[in-house]
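Reviewing the structure listed below.
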Amino acid sequence: MMKEPENTTQMKQVLEVALLTSSQPLSLDDMQKLFSDRMERTTLRMLLDELKQDWDARTMELVQVATGYRFQARPEYTTFLARLNPEKQPKYSRAVMETLAIIAYRQPVTRGDIEEIRGVAVNPNVMRQLQERDWVDVVGQREVPGRPSLYATTKHFLDDLNLKSLAELPAMEDFVKSEVQLDL
Amino acid sequence: MMKEPENTTQMKQVLEVALLTSSQPLSLDDMQKLFSDRMERTTLRMLLDELKQDWDARTMELVQVATGYRFQARPEYTTFLARLNPEKQPKYSRAVMETLAIIAYRQPVTRGDIEEIRGVAVNPNVMRQLQERDWVDVVGQREVPGRPSLYATTKHFLDDLNLKSLAELPAMEDFVKSEVQLDL
Amino acid sequence: MIETPLSAKIKGEAFTQLPQDLYIPPDALEVYLEAFEGPLDLLLYLIRKHNLDILDIPMADLTRQYMEYVEKMHAIKLELAGDYLLMSAMLIEIKSRMLLPKPAEIESEDDPRAALVRRLMEYEAIKLAAQRIDEMPKVGGDIAVASAYYQHISDIKPPEVSLDDLTEAWRNVLKRASQYKHHKIGKAELSVREHMSIILRRLKTDHILEFSQLFDVVQDGIPKLVVCFLAVLELAREGLLRMTQQAPFSPIYVQLNSRE
């Protein structure tokens with residue numbers, strides 16, 4: 001057991017331990033308790049300033065927030081930390097998947113084509129998701145009134161699905177056959 | 001945003017940040033995720049060793065417990081930290097602690113086993129307290145009539161007691177008070 | 001700290017030890033007895049208090065003391081746990097068996113106290129182990145673990161799509177449309193559609209291409225050349241591209257069919 005800290009180094013150590021192990025920011029009041037309320041607030045503030053400087057070139061930074069002080073990871077590390085707790089893998093909606101399938105199998109197609117095949121209007125959001133993913137892009141316009149965009153799948157889409165070309169997509173006949181088998 | 005760490009110093013920084021900000025111990029698997037699984041376990045162990053040494057003369061220590069590695073305050077700071085949260089930890093009754101000891105040393109055990117050793121019925125509340133603390137859980141059923149549940153201690157119990165494995169618990173022989181070895 | 005029988009409090013006053021004789025104020029007895037974790041705990045207490053040898057328990061003494069406690073419990077109408085009565089019966093049984101003459105040859109193994117002694121020793125060991133575990137530093141108590149803050153950013157990966165997901169989606173489209181017959185697309189036709197996209201993409205950047213530039217006669221095999229040609233024809237049929245030729249045998253130019 002350590003006796004009461006006698007110099008600023010030891011005092012800063014006590015503050016450092018408390019701040020690193022607390023899951024909530026520590027207020028000046030909290031930190032005064034560490035020293036059995038025998039420390040002036042001005043001294044405390046000075047020590048916190050020094051502690052902040054001690055950590056200047058290091059992984060964590062001492063910051064002051066609304067309810068007090070806390071150590072927090074410097075922003076450049078947050079990408080690494082995010083890898084520890086990956087969010088749940090999201091899934092595309094049925095509308096996105098079917099639209100993608102139609103574009104893959106029937107390209108180049110317009111929105112109208114997709115709507116005709118699916119029997120429902122295409123939500124703009126659906127196309128945006130596929131374009132943001134760089135799986136689908138506009139390759140031209142059909143020369144009909146309104147000049148609708150023609151959508152096609154990209155090379156990036158083939159790469160992501162590990163395909164060399166669209167010809168590697170299962171042919172539709174396979175589906176028809178399996179349908180027959182299912183009917184048996 | 002920091003690019004992928006290129007040297008051991010940067011790698012240790014990433015590990016340090018992750019370990020200082022995680023309230024749970026990090027396993028080697030967790031830590032490999034930090035580097036997108038592009039780091040050998042042997043390298044990781046070496047880096048952890050170095051990091052431990054880097055902190056040798058400092059406020060926190062890097063320790064290994066049952067589920068992984070964590071930073072914790074060196075024991076000499078305990079008295080100061082205790083001043084922050086004067087409300088004492090809830091103390092468990094003797095019944096709870098004896099039940100825990102039986103499960104720890106004799107696991108896996110049924111309630112019947114515990115009652116046999118303690119000579120009294122086990123209050124369901126006792127088991128609930130231990131399970132809520134995540135110190136004890138059901139690991140199976142004994143294949144006898146009634147298929148009673150078999151209880152064992154969890155890894156979390158070991159973590160909380162700063163242990164890597166059950167073998168680190170004090171030996172049971174230490175608790176046999178008789179001078180003569182029992183030879184019945 | 002585990003509460004021991006010796007720290008029982010009665011009416012706010014702490015009793016640091018049991019009275020030397022067996023007289024216990026009736027309202028105190030309940031507190032004492034409740035402080036025991038059961039008959040084994042009480043027996044151990046009696047053994048240790050009177051410095052009895054646990055390996056050679058004087059059964060008569062121990063049984064008498066134990067019974068006196070139990071009778072007091074009974075006298076003050078303390079609801080007697082069955083466990084205590086069961087233990088009384090066991091003690092009396094052991095005592096009486098010890099009075100019987102025993103055959104010399106099975107002397108040691110047949111000590112009627114053996115099972116009781118084993119249980120007492122095991123219980124005592126557990127009791128001490130419990131105390132030790134209770135005293136060990138624990139996270140949340142004496143052990144403070146690092147838990148500094150970090151800005152949580154979401155690292156949402158885009159959804160993964162497999163070939164199976166895609167074909168399943170396509171299959172659903174077809175199933176709902178029940179258009180199998182009209183929409184039969186084989187591998188060959190898919191290649192044509194793929195080349196249609198490729199040509200459109202090239203024309204988007206190059207604007208105008210010589211017809212022959214669409215074909216790489218050296219690199220591509222015959223099937224690919226055929227597919228590419230079919231793609232051009234299909235694009236022309238769908239009015240997506242325009243082909244122009246100034247004069248016979250002069251180069252054919254291909255460009256997007258735009259109105260500009």
Side-chain angles (χ1 to χ4, degrees), chain B residues 17-25 60 62-63 65 70-73 75 77-79 81-82 84 88-89 91-102 104-106 115-121 133 156-157 159-163 169-170 172-180 182-184, chain C residues 1-5 35-44 48 53-56 81-84 86-87 90 108-109 111 113-115 117-153:
Chain B
V17 172
L19 287 160
L20 283 175
T21 55
S22 169
S23 48
Q24 297 298 314
M60 309 280 288
L62 182 59
V63 297
V65 291
R70 72 173 172 224
F71 271 114
Q72 62 189 39
Y77 296 102
T78 310
T79 22
L81 298 175
L84 277 183
K88 270 191 190 141
Q89 278 229 110
K91 274 292 170 193
Y92 289 115
S93 67
R94 270 181 67 196
V96 170
M97 289 310 292
E98 288 180 12
T99 303
L100 177 62
I102 292 169
Y105 282 92
R106 298 282 183 255
E115 292 177 347
E116 173 77 29
I117 294 174
R118 295 195 63 232
V120 284
R133 185 74 190 262
H156 187 243
F157 164 73
D159 283 351
D160 273 3
L161 268 78
N162 219 16
L163 302 173
L169 277 178
M172 198 59 168
E173 290 83 75
D174 299 353
F175 302 127
V176 179
K177 263 198 179 168
S178 151
E179 307 79 2
V180 204
L182 197 56
D183 185 28
L184 291 168
Chain C
M1 195 48 214
I2 291 177
E3 282 209 3
T4 68
F36 289 113
E37 282 297 314
L40 285 172
D41 200 22
L42 174 55
L43 277 178
L44 259 182
R48 294 301 175 199
D53 181 357
I54 196 166
L55 293 182
D56 188 18
D83 308 308
Y84 284 92
L86 195 69
M87 181 58 75
M90 194 195 285
S108 59
E109 299 107 78
D111 190 327
R113 298 171 298 183
V117 169
R118 195 166 38 224
R119 284 187 69 187
L120 282 169
M121 292 189 70
E122 162 130 52
Y123 177 66
E124 183 165 49
I126 285 296
K127 218 177 116 167
L128 293 168
Q131 235 163 62
R132 184 74 73 86
I133 291 174
D134 197 45
E135 288 157 5
M136 286 168 79
K138 291 176 200 67
V139 171
D142 290 337
I143 299 174
V145 298
S147 56
Y149 178 86
Y150 74 97
Q151 181 73 47
H152 294 252
I153 56 163

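What you are looking at is a predicted structure, and each value in this text was computed from that prediction instead of being measured. Labels below follow one simple rule: chain letters A, B, ... track the order of the sequence lines, proteins then strands, and each chain is numbered from 1.
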Can you tell which part of B/Leu163 gets under 4.5 Å to a heavy atom of chain C, answering side chain, backbone, both or neither?
-> side chain
Donor-acceptor pair, B/Ser22 side chain versus B/Ala18 backbone, under 3.5 Å?
-> no
For the pair B/Thr78 (side chain) and B/Pro75 (backbone), establish whether a donor and an acceptor sit closer than 3.5 Å, ignoring hydrogens and angles.
-> yes
Residue B/Arg70 versus chain C: region with a heavy atom under 4.5 Å | side chain
Are the side chains of C/Val139 and B/Asp159 in touch, meaning some heavy atoms are under 4.5 Å apart?
-> no
Of the listed residues (B/Leu100, B/Leu81, B/Val120), which shares the most heavy-atom pairs with chain C below a 4.5 Å separation?
-> B/Val120
Among C/Ala129, C/Pro39, C/Ala144, who wins on heavy-atom pairs under 4.5 Å with chain B?
-> C/Ala129
With distance as the sole test, does C/Lys138 use its side chain to make a donor-acceptor pair with the main-chain N or O of C/Ile133 at under 3.5 Å?
-> yes
So, do C/Leu55 and C/Met121 sit near enough that their side-chain heavy atoms are less than 4.5 Å apart?
-> yes
So, the part of C/Ile143 with a heavy atom under 4.5 Å from chain B: the answer is side chain
Honestly, the part of B/Leu20 sitting under 4.5 Å from a heavy atom of chain C is both
Choice from B/Glu115, B/Gln72, B/Glu116 maximising heavy atom contacts with chain C below 4.5 Å = B/Gln72
Judged by modelled atom types alone, do B/Glu98 and C/Tyr123 share a side-chain donor-acceptor pair under 3.5 Å?
-> yes
